[in-house]
Peer 1: 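Pasting a structure below so you can have a look.
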Amino acid sequence: MSSAHTSWQEEKQSAWLYRVVAECERGTPRETLFRELAQAADEQADIWLAAIIQNGDEVPTTFRPDLRTRAVARLTRVFKPRAMRGVLAAMKVRGMVLYTQALPHGTPLKVDDIGKRHQNGAVGNVLRAGVFGVNDGLVSNAALIYGVAGAAPEPAVIVLTGVAGLLAGAFSMASGEYISVRSQREMFEYQIGLERAELEKYPREEAAELALIYAAKGMPTDEARRLADTLMQDPEHALDTLAREELGLNPDELGSPWVAAASSFAAFTAGAALPLLPFLLDHGNALAISIALTAFGLFAVGACMSLFTGRHAALSGLRMLGIGGAAGLATYFIGAWLGVSLG
């Protein structure tokens, strides 16, 4: 748990940023919400100030936002809160869930709807990541192999290049995915730790913040307060709800960074291996078979992408085939030109 001084600083920082967001939302229903959240954060800061005084510690005088906070505020004014919602959530600015899948203002929100939107989509996200990972491996390694094939058609050189491209790309994808998921988890763990401390220190104020967010989504004010008070009776349930509704975080969608890295590595390798396979098997018509396999893979990946875009599967497959084919042809002819020039 952070010290009282740190908690006071964070609450004042949140209040300052809430007012920045409210300025950006001037004239909208969200302006009122964020100004009320700013007031609530100031009141919570006063609670920490009282704890500082009670402990006999040095009393802070005035709040001065640090360089990071000022930079976030400037970026928020330029790019607006919706684009900055991830950064603002990491800076302990609540209510960012309103910029993701919020209901239209005035739409009644039912108790059964709370958290329901967070229960779906995890499987879809994994499937999407897998399809795009295969696509990245397929296009990048095919372009690399055909570029080398155009310059130096010796099978040994092509195999060495293809294997090197596969491993380099797979490890790069895996490390990037690991860092991404690890960073996301660290942000969540830090934020949920702060939320747990605040829930223990001032549960009524946290309930009031949650009620403000529910009311901003269209729930009647009295019902929003009753629902928030009911949720606070179960601390663990309350903590989970605060993470979802105040922070816009879904604990269920935060997977293991090692699993994410392994999945990314496997998906990229599967795609990158397809154009390389005929050369590894030392087939006489390796280049032609590789092109055929790559074309089939591109069409299949494009068809799978239609699951996420809503486009017709055949059209999506042909589009992906055209894009990947153009990349392969371009690198082949560039390789052939370089081979002649350098030779």
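For clarity, every value in this text was computed on a predicted model and none was experimentally measured.
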Peer 1: Can Val301 be reached from Ile291 by stepping across I, L, V, M, F, W or Y side chains whose heavy atoms are under 4.5 Å apart?
Peer 2: no
Peer 1: Got a salt bridge between Asp42 and Arg19, using NZ or NE/NH1/NH2 to carboxylate O under 4.0 Å?
Peer 2: yes
Peer 1: With ILVMFWY side chains joined below 4.5 Å, transitively, what does Met173's cluster contain besides itself?
Peer 2: Phe268
Peer 1: According to the side chain to side chain donor-acceptor pair (under 3.5 Å) rule, which pairs have a member within residues 154-174, sequence neighbours left out?
Peer 2: none
Peer 1: Using side-chain contact (heavy atoms from CB on, under 4.5 Å) as the criterion, point out the one residue from Val159, Ile158, Leu160, Thr331 that pairs with Val148.
Peer 2: Ile158
Peer 1: With a cut-off of 6.0 Å (strictly less than), are more than 12 heavy atoms of other residues, nucleotides or ligands near CZ of Phe265?
Peer 2: yes
Peer 1: Less than 4.5 Å apart, any side-chain heavy atom of Ile323 and any of Arg319?
Peer 2: yes
Peer 1: Is it true that a side-chain atom of Ser264 and a backbone atom of Ala260 form a donor plus acceptor pair closer than 3.5 Å?
Peer 2: no
Peer 1: Do you know the tightest heavy-atom contact between Gly165 and Leu144?
Peer 2: CA-CD2, 3.7 Å
Peer 1: Can you measure from CG (Asp46) to CD (Glu11) and round to the nearest 0.5 angstrom?
Peer 2: 10.0 Å
Peer 1: Treat each ILVMFWY residue as a node, draw an edge where side-chain heavy atoms are under 4.5 Å apart, and state whether Phe63 and Leu88 are in one component.
Peer 2: yes
Peer 1: Distance from Ile334 atom CD1 to Tyr332 atom OH, nearest 0.5 Å?
Peer 2: 13.0 Å
Peer 1: Using every non-hydrogen atom in the two residues, find where Leu17 and Ala73 come nearest and quote the distance to one decimal.
Peer 2: CD2-CB, 4.1 Å
Peer 1: Supply the atom-to-atom distance Leu281 CG to Leu276 CG, rounded to the nearest 0.5 angstrom.
Peer 2: 9.0 Å
Peer 1: Applying a strict under-4.5 Å side-chain criterion to I, L, V, M, F, W and Y, I'd like to know whether Leu280 and Phe296 cluster together.
Peer 2: no
Peer 1: Determine the minimum heavy-atom distance between Pro278 and Ala286, stating which atoms define it.
Peer 2: CB-O, 3.5 Å
Peer 1: Can you give me the closest heavy-atom contact between Leu274 and Leu293, atom names plus distance?
Peer 2: CD2-O, 3.4 Å
Peer 1: Roughly how far apart are Ser180 OG and Arg182 CZ, rounded to 0.5 Å?
Peer 2: 11.5 Å
Peer 1: Mind checking side-chain contact (heavy atoms from CB on, under 4.5 Å) for Asp57 and listing every partner two or more places apart, or none if nothing turns up?
Peer 2: His5, Ile52, Asn55
Peer 1: May I ask you to decide if Arg82's main-chain N or O and Arg85's side chain share a donor-acceptor pair within less than 3.5 Å?
Peer 2: yes
Peer 1: For the atom pair CG (Leu298) and CG (Leu318), what is the distance rounded to the nearest 0.5 Å?
Peer 2: 11.0 Å
Peer 1: Would you call Pro275 and Tyr146 a side-chain contact if the rule is heavy atoms closer than 4.5 Å?
Peer 2: yes
Peer 1: With the side chain counted from C-beta on, respond yes when Val87 and Leu75 share a heavy-atom pair under 4.5 Å apart, and no when they do not.
Peer 2: no
Peer 1: Counting distance only, does the side-chain N/O of Glu31 pair as donor-acceptor with the main-chain N or O of Gly27 below 3.5 Å?
Peer 2: yes
Peer 1: Please answer: with hydrophobic residues joined when any side-chain heavy atoms are less than 4.5 Å apart, are Val139 and Leu329 in the same cluster?
Peer 2: no
Peer 1: Would you compute the distance between atom NZ of Lys12 and atom CG of Leu49 and round it to the nearest 0.5 angstrom?
Peer 2: 8.5 Å
Peer 1: Please confirm whether the backbone N or O of Gly162 pairs with a side-chain atom of Asn141, one donor and one acceptor, at under 3.5 Å?
Peer 2: yes
Peer 1: Among Met91, Gln9, Arg64, find the one that has a side-chain contact (heavy atoms from CB on, under 4.5 Å) with Thr69.
Peer 2: Met91
Peer 1: Apply side chain to side chain donor-acceptor pair (under 3.5 Å) to Glu23 and list each qualifying residue two or more places apart in sequence or on a separate chain.
Peer 2: none
Peer 1: Just so I know, are the side chains of Phe34 and Leu37 near enough to count as touching, which here means a heavy-atom distance under 4.5 Å?
Peer 2: yes
Peer 1: Report yes or no: does Ser316 contribute a side-chain atom to a donor-acceptor pair with the main-chain N or O of Gly302 at less than 3.5 Å?
Peer 2: yes
Peer 1: Do you know the tightest heavy-atom contact between Ala170 and Thr269?
Peer 2: CB-OG1, 3.6 Å
Peer 1: Applying side chain to side chain donor-acceptor pair (under 3.5 Å), can you list everything that pairs with Thr28, at least two apart in sequence or on another chain?
Peer 2: Glu25
Peer 1: Same cluster for Val163 and Ile289 if Ile/Leu/Val/Met/Phe/Trp/Tyr side chains link at under 4.5 Å?
Peer 2: no
Peer 1: Is any side-chain heavy atom of Tyr18 closer than 4.5 Å to a side-chain heavy atom of Arg35?
Peer 2: no
Peer 1: Test of understanding: with ring-ring contact (aromatic ring centres under 6.0 Å, His included), list the residues that count as partners of Tyr178, not counting sequence neighbours.
Peer 2: Trp258
Peer 1: Which atom pair, heavy atoms only, marks the closest approach of Phe79 to Met84?
Peer 2: CB-CG, 4.4 Å
Peer 1: Okay, side chain of Thr294, backbone of Ser290: is any donor-acceptor separation there less than 3.5 Å?
Peer 2: yes
